[in-house]
Amino acid sequence: MKHSGDMISVTVEYQLAEYKRMVCDFIPLHLAAMQKPPNRYFPWNWPIIERAFSAVFIPIMFKIKVAKVGTCKFTFSEDGLTRESKVGVKSCGWDEVSAVNSLSGTYLIHLRSGGAMPVPYRVFSTEERREFEGILTRVEA
């Protein structure tokens with residue numbers, strides 16, 4: 001993808017703590033979108049199991065993701081976004097993005113084709129973050 005106009009480029013080296021926080025922030029949003037509360041009769045919805053999931057399975061998922069994807073370089077413009085990683089280059093226009101969640105420490109960019117790309121706030125300077133949010137507003141993402 002050729003980006004025109006103003007561009008923002010950031011490099012992300014994912015960290016376990018922010019990945020855990022992102023997953024824990026997203027689960028309630030996902031359940032709300034399904035419009036059904038968790039059924040506490042099922043053991044996997046018990047708070048102790050949720051904490052165990054956070055302590056055991058999220059670190060495993062994180063290690064797999066980091067091993068597969070590695071460090072990511074993102075480029076954003078009003079044309080779309082590009083991610084360069086170990087798995088290659090992925091480019092898409094904003095029309096291919098179904099939603100962008102602004103979580104407690106991360107933007108989570110959902111693709112219509114499936115999957116999502118987390119971009120932590122910490123990788124943006126104050127000005128870059130303001131520009132990124134401006135792009136999101138203009139493209140209605």
Side-chain angles (χ1 to χ4, degrees), residues 1-3 5-141:
M1 161 182 284
K2 288 250 187 194
H3 291 275
D6 293 335
M7 292 183 293
I8 303 164
S9 291
V10 296
T11 300
V12 179
E13 289 187 34
Y14 294 103
Q15 298 174 356
L16 177 58
E18 68 192 8
Y19 190 78
K20 273 181 158 179
R21 186 173 48 191
M22 183 229 10
V23 171
C24 291
D25 287 349
F26 179 69
I27 289 172
L29 293 176
H30 179 69
L31 291 173
M34 292 174 42
Q35 296 183 342
K36 64 182 194 182
N39 183 338
R40 295 293 179 189
Y41 290 108
F42 295 131
W44 55 84
N45 289 326
W46 295 350
I48 192 167
I49 300 298
E50 291 170 352
R51 286 191 296 279
F53 174 80
S54 178
V56 176
F57 295 110
I58 292 176
I60 293 169
M61 293 179 343
F62 175 76
K63 286 183 188 257
I64 292 168
K65 178 183 176 59
V66 168
K68 179 181 174 188
V69 177
T71 300
C72 297
K73 180 182 179 208
F74 288 92
T75 303
F76 302 100
S77 71
E78 290 195 23
D79 298 321
L81 64 104
T82 301
R83 181 192 73 187
E84 297 175 39
S85 69
K86 280 184 177 177
V87 295
V89 177
K90 169 79 173 159
S91 293
C92 59
W94 290 110
D95 60 328
E96 298 174 62
V97 172
S98 62
V100 178
N101 293 120
S102 183
L103 304 174
S104 64
T106 305
Y107 293 106
L108 188 58
I109 303 168
H110 301 270
L111 302 177
R112 291 188 195 286
S113 60
M117 295 182 272
V119 184
Y121 300 157
R122 69 175 165 78
V123 301
F124 293 100
S125 68
T126 304
E127 182 59 32
E128 287 171 332
R129 187 167 175 197
R130 189 172 21 256
E131 289 176 28
F132 179 70
E133 290 182 354
I135 289 171
L136 294 178
T137 300
R138 288 189 296 279
V139 300
E140 299 176 3

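In this structure Thr75 satisfies the side chain to side chain donor-acceptor pair (under 3.5 Å) test together with Ser9, sequence neighbours excluded. Residues satisfying the side chain to side chain donor-acceptor pair (under 3.5 Å) criterion with Glu18, sequence neighbours excluded, are Arg122. The ring pair (Phe, Tyr, Trp, His ring centres under 6.0 Å) test applied to Phe124 returns Tyr107, Phe132, not counting sequence neighbours.
A pairwise comparison of heavy atoms in Thr11 and Val123 identifies O-CG1, 3.4 Å as the closest pair. Of all heavy-atom pairs spanning Ser113 and Lys90, the tightest one is OG-NZ, 4.4 Å. The shortest non-hydrogen separation linking Gly80 to His3 is O-CE1, 3.4 Å. Shortest non-hydrogen contact noted between Ser85 and Arg83 is OG-NE, 3.8 Å. The heavy-atom pair separating Gly105 from Arg21 by the smallest distance is CA-NH2, 4.0 Å.
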key: Candidate pair Phe26 and His110, rule side chain to side chain contact (heavy atoms under 4.5 Å, CB included), full reasoning   = CA-CA 12 Å; Phe26 179 69; His110 301 270; 3.4 Å; yes

ask   = Hey, mind stepping through Val139 and Val97 against side chain to side chain contact (heavy atoms under 4.5 Å, CB included) and telling me if it holds?
value = CA-CA 10 Å; Val139 300; Val97 172; over 6 Å; no

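Separating the CD atom in Glu78 from the CD atom in Glu131 is a distance of 10.5 Å, to the nearest 0.5 Å. Taking CG from Asp95 and CZ from Arg112, the interatomic distance works out to 7.5 Å, rounded to the nearest 0.5 Å. Within the model, atoms CG of Asp6 and CD of Glu128 stand 11.5 Å from one another, a figure rounded to the nearest 0.5 Å. Here Glu84 contributes atom CD and Ser91 contributes atom OG; the two are 8.0 Å apart, rounded to the nearest 0.5 Å. To the nearest 0.5 Å, atom CZ of residue Arg51 and atom SG of residue Cys24 are 11.0 Å apart. To the nearest 0.5 Å, atom SG of residue Cys72 and atom CE of residue Met117 are 9.0 Å apart.
Both tests do not hold together for Lys65 against Tyr19: distance to the six-membered ring centre under 6.0 Å, angle to the ring axis within 45°.
The main-chain N or O of Gly93 is found under 3.5 Å from a side-chain atom of Glu96 such that the two form a donor-acceptor pair. Remark: side-chain polar atoms of Trp94 are not paired, donor with acceptor, to backbone N or O of Leu81 under 3.5 angstrom.
With a 6.0 Å radius and a threshold of 12 heavy atoms from other residues, nucleotides or ligands, Glu13 has its CD atom at or below the threshold. Lys86 NZ: more than 12 foreign heavy atoms inside a 6.0 Å radius. The environment of Phe57 atom CZ is sparse: at most 12 non-hydrogen atoms of other residues, nucleotides or ligands sit within 6.0 angstrom.
For the side chain to side chain contact (heavy atoms under 4.5 Å, CB included) criterion with Pro118, the lone passing option out of Thr106, Val12, Val23, Leu103 is Thr106.
For the pair Asp25 and Leu108, the minimum side-chain heavy-atom distance is 4.5 Å or more.
Ring geometry for Phe74 versus Phe76: interplanar angle under 30°, hence parallel rather than tilted (30 to 60°).
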